[in-house]
Every structure is written in C-alpha cells, then in structure tokens.
Amino acid sequence: MKCIELSLADEAATLQLGAALAANTATTGATIFLIGDLGAGKTTLVRGLLQAMGHQGKVKSPTYTLVEPYEVGERQIYHFDLYRLSDPEELEYAGARDYFGGDNLCLVEWPERGKGWLAVPDLQIELSYAGTGRTVRLCAHTARGSVLTSGLAPD
C-alpha cells in the first residue's frame with residue numbers, strides 16, 4: 001500500500017486536491033473512501049472533484065438520501081454518505097451493489113459504517129484537522145488507486 005501525506009491550508013486547497021483527483025479519474029472507474037470527522041472536508045473534496053469534471057450544480061452530502069448520483073458527460077458518479085446507516089445490509093436492500101464496478105466512480109463518506117459489505121477501495125483518503133487547515137493522507141490499495149494519486153506527491 002502506497003500512501004501520500006499532504007497539507008491543505010484552506011478550503012481552496014481542498015477543492016484543488018479534488019480537481020487534481022478529477023484529472024486522474026477522467027477515464028476510469030474507481031471506488032474512493034473518504035474518512036474524517038464531521039466538517040473535515042470530505043464533501044468539499046468531492047465538490048472540487050465534481051466541479052473539475054464539469055458538474056455545474058450544487059454538491060451536498062447525501063446524509064439523508066444515502067447516495068447522490070451525478071452524470072457528468074458519459075460518466076456516472078455516485079456520492080455515498082453512510083453516516084446514518086445503522087446496518088451495512090441496508091446497502092444491499094438499497095441496491096447499492098449495482099453502483100460499484102465498471103467505469104462508475106463511487107465516492108464513499110463514512111465507509112466504516114459499511115464494513116463487511118464494501119470491498120477494499122482503490123483509494124482511501126483520510127482528512128484530519130491541522131490548526132486552521134487539514135492534513136490529508138491518500139493510500140492507494142490497488143493499481144488503479146496508484147494511478148489516482150500519480151502526480152499528487154510533492155517533488
């Protein structure tokens with residue numbers, strides 16, 4: 001497993017990281033886990049990624065709906081928020097298995113709530129508070145995950 005650690009000074013830096021990830025997901029599907037406390041920047045990172053891919057509308061955390069689908073060009077992107085999930089089996093009942101795989105991009109906040117049901121992600125992103133900024137740790141679990149992090153490490 002290859003990990004990269006970066007510092008994000010502010011919200012703009014978080015949006016820029018999302019944009020950098022978008023450039024690396026342009027032609028491939030992937031599953032990305034987003035881990036962090038409430039307010040750590042998970043949805044902000046997703047917003048930066050979606051906007052860089054061409055999404056023009058609002059991006060909100062799907063806390064009450066479980067998943068928010070986006071169609072950007074030919075791409076299917078699914079933003080999950082499992083915060084309110086009480087049992088991982090709820091994902092099965094909701095038909096979530098159909099979202100994962102192929103060229104779909106699945107972004108999953110609070111993946112620990114789906115433990116035992118969710119497969120290993122291509123990339124795991126952990127955001128944590130660091131003063132007024134954030135520290136982000138990106139860990140690639142697959143070859144696809146390594147592609148997603150290419151060019152993100154400081155020289």
Side-chain angles (χ1 to χ4, degrees), residues 1-6 8 10-36 38-85 88 90-127 134 136-153:
M1 175 170 56
K2 177 187 166 198
C3 295
I4 299 168
E5 198 162 297
L6 303 169
L8 303 173
D10 52 23
E11 182 178 350
T14 305
L15 292 169
Q16 288 173 346
L17 176 58
L21 287 168
N24 292 344
T25 62
T27 60
T28 185
T31 298
I32 300 174
F33 286 0
L34 299 151
I35 298 170
L38 289 170
K42 299 179 296 292
T43 301
T44 301
L45 183 68
V46 170
R47 185 171 63 245
L49 186 148
L50 286 168
Q51 289 173 344
M53 292 181 86
H55 176 69
Q56 300 295 315
K58 288 188 174 192
V59 176
K60 58 183 173 31
S61 186
T63 303
Y64 294 100
T65 59
L66 184 66
V67 63
E68 188 69 37
Y70 297 92
E71 189 170 326
V72 181
E74 302 279 319
R75 296 297 308 276
Q76 295 296 318
I77 303 163
Y78 300 100
H79 180 199
F80 291 85
D81 185 329
L82 307 184
Y83 184 74
R84 298 202 180 277
L85 198 69
E90 291 177 42
L91 290 165
E92 187 68 40
Y93 304 138
R97 195 171 305 278
D98 296 338
Y99 297 109
F100 293 87
D103 288 335
N104 294 342
L105 178 59
C106 293
L107 309 161
V108 184
E109 294 187 35
W110 302 98
E112 62 275 14
R113 306 278 173 116
K115 187 175 181 181
W117 190 89
L118 293 170
V120 172
D122 296 297
L123 180 62
Q124 179 172 304
I125 302 173
E126 298 175 40
L127 291 138
R134 304 289 185 269
V136 63
R137 181 176 165 90
L138 302 100
C139 294
H141 292 275
T142 66
R144 187 178 284 180
S146 293
V147 169
L148 297 176
T149 61
S150 65
L152 298 181

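One-based numbering along the sequence shown.
- In this structure, Met53 and Thr25 have side chains that are in contact, with non-hydrogen atoms separated by less than 4.5 Å.
- The structure places CD of Glu68 at 11.0 Å from CG of Asp81, a figure rounded to the nearest 0.5 Å.
- Under the 4.5 Å side-chain criterion, counting only non-hydrogen atoms from C-beta, Leu107 is not in contact with Leu45.
- Shown here for Ala52 and Ala22, the closest heavy-atom pair between the two residues is CB-CB, 3.7 Å.
- Once rounded to the nearest 0.5 Å, the distance linking CG of Leu50 with CD of Gln56 reads 11.5 Å.
- A distance of 6.0 Å separates CZ of Arg113 from OH of Tyr83, quoted to the nearest 0.5 Å.
- In this structure, NE2 in His141 is found 8.0 Å from CZ in Phe33, a value given to the nearest 0.5 Å.
- Heavy-atom minimum distance, Tyr99 versus Asn104: O-ND2, 2.9 Å.
- Of all heavy-atom pairs spanning His55 and Lys58, the tightest one is NE2-O, 3.2 Å.
- Of all heavy-atom pairs between Gly36 and Trp110, the closest is O-CH2, 3.5 Å.
- Electrostatic pairing of Arg134 and Glu11 does not count as a salt bridge here, judged by no charged N lying under 4.0 Å from a carboxylate O.
- One distance of note links OG1 of Thr14 with CG of Leu8; it measures 4.5 Å at 0.5 Å rounding.
- Between His79 atom NE2 and Glu109 atom CD the span is 3.5 Å, to the nearest 0.5 Å.
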Practice task
Test Tyr78 against Phe100 for ring-ring contact (aromatic ring centres under 6.0 Å, His included), laying out the working first.
Solution key: CA-CA 9 Å; Tyr78 300 100; Phe100 293 87; 8.3 Å; no
